[in-house]
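One-based numbering along the sequence shown. These numbers come from the heavy atoms of this one structure, side chains and all, not from hydrogens, waters or symmetry mates.
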Amino acid sequence: QVQMVESGGGLVQAGGSLRLSCAASGRIFSSYVMGWFRQAPGKEREFVTAISWSGGSIDYADSVKGRFTISRDNAKNTVYLHMNSLKPEDTAVYYCAATGRGLNSDYRRWGGWGQGTQVTVSS
């Protein structure tokens, strides 16, 4: 089983950038699809992006396409989320997770959830 620890969140002005990191523990990290989700107060957890074990397949939510970039370093058991041109509507707790079920946006098919990291974008 893979467990996650997210970091890198913070307060940033609209238009700014942040880089989130997710350190995973557990065996066979490289065999899992890794992804980022976010959850704003009063809203359901939503898919942000996912990356295959090789990095050759990536998917993004329409709301972040062109602004966010996911990457992974299997040697370091770490996945990253580079966020540019941040908007107030990006404000949420960001979580990373793993799945063995391919790239999919249904958070119920993912596991290994960490505590998340808060991202707040001021206008």
Problem set entry | pair Thr49-Asp59: side-chain heavy atoms closer than 4.5 Å | no
Listed pairs under 3.5 Å, donor-acceptor, residues 95-103 side chains, sequence neighbours left out:
residue	atom	partner	partner atom	Å
Thr99	OG1	Arg101	N	3.1
Thr99	OG1	Arg109	O	2.8

For this session: Apply side chain to side chain contact (heavy atoms under 4.5 Å, CB included) to the pair Tyr107 and Glu46, showing each step before the final yes or no.
Result: CA-CA 7 Å; Tyr107 71 88; Glu46 67 171 355; over 6 Å; no
Going by the rule side chain to side chain contact (heavy atoms under 4.5 Å, CB included), which residues pair with [X] if we only count those two or more places apart in sequence or in a different chain?
X     : answer
Ser85 : Arg67
Val12 : Leu18, Leu86, Val121
Lys43 : Ala40
Gln3  : Gln1, Ser25

For this session: Kindly write out the residues that satisfy side chain to side chain donor-acceptor pair (under 3.5 Å) with Ser105, not counting sequence neighbours, or none if the list is empty.
Result: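 Scan of Ser105 (side chain to side chain donor-acceptor pair (under 3.5 Å), adjacent residues dropped) gives none.
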Problem set entry | ring-ring contact (aromatic ring centres under 6.0 Å, His included) pairs, two or more places apart, involving residues 63-94 |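 Matches after skipping sequence neighbours: none remain.
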Exercise. Got a sec, which pairs hit side-chain hydrogen bond (donor to acceptor under 3.5 Å, both in side chains) with one end in residues 112-123, sequence neighbours left out?
Worked result: Gln118-Thr120
For this session: With sequence neighbours excluded, tell me which residues meet ring-ring contact (aromatic ring centres under 6.0 Å, His included) with Trp110.
Result: Phe37
For this session: Any disulfide bond (SG atoms under 2.5 Å apart) involving residues 43-81? Give me the pairs, sequence neighbours left out, ordered by first then second residue.
Result: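 Residue pairs passing disulfide bond (SG atoms under 2.5 Å apart), neighbours aside: none found.
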Exercise. Salt bridge between Lys87 and Asp90, side-chain N to carboxylate O under 4.0 Å?
Worked result: no
For this session: Given side chain to side chain contact (heavy atoms under 4.5 Å, CB included), test Leu20 with Met83 step by step and report yes or no.
Result: CA-CA 8 Å; Leu20 306 184; Met83 306 185 295; 3.8 Å; yes
Problem set entry | Pair listing, salt bridge (Lys or Arg N to Asp or Glu O under 4.0 Å) test, anchored in residues 114-123, at least two apart |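 Qualifying pairs, neighbours excluded: none.
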Exercise. By salt bridge (charged side-chain N to carboxylate O under 4.0 Å, His left out), which residues pair with Glu89, not counting sequence neighbours?
Worked result: none
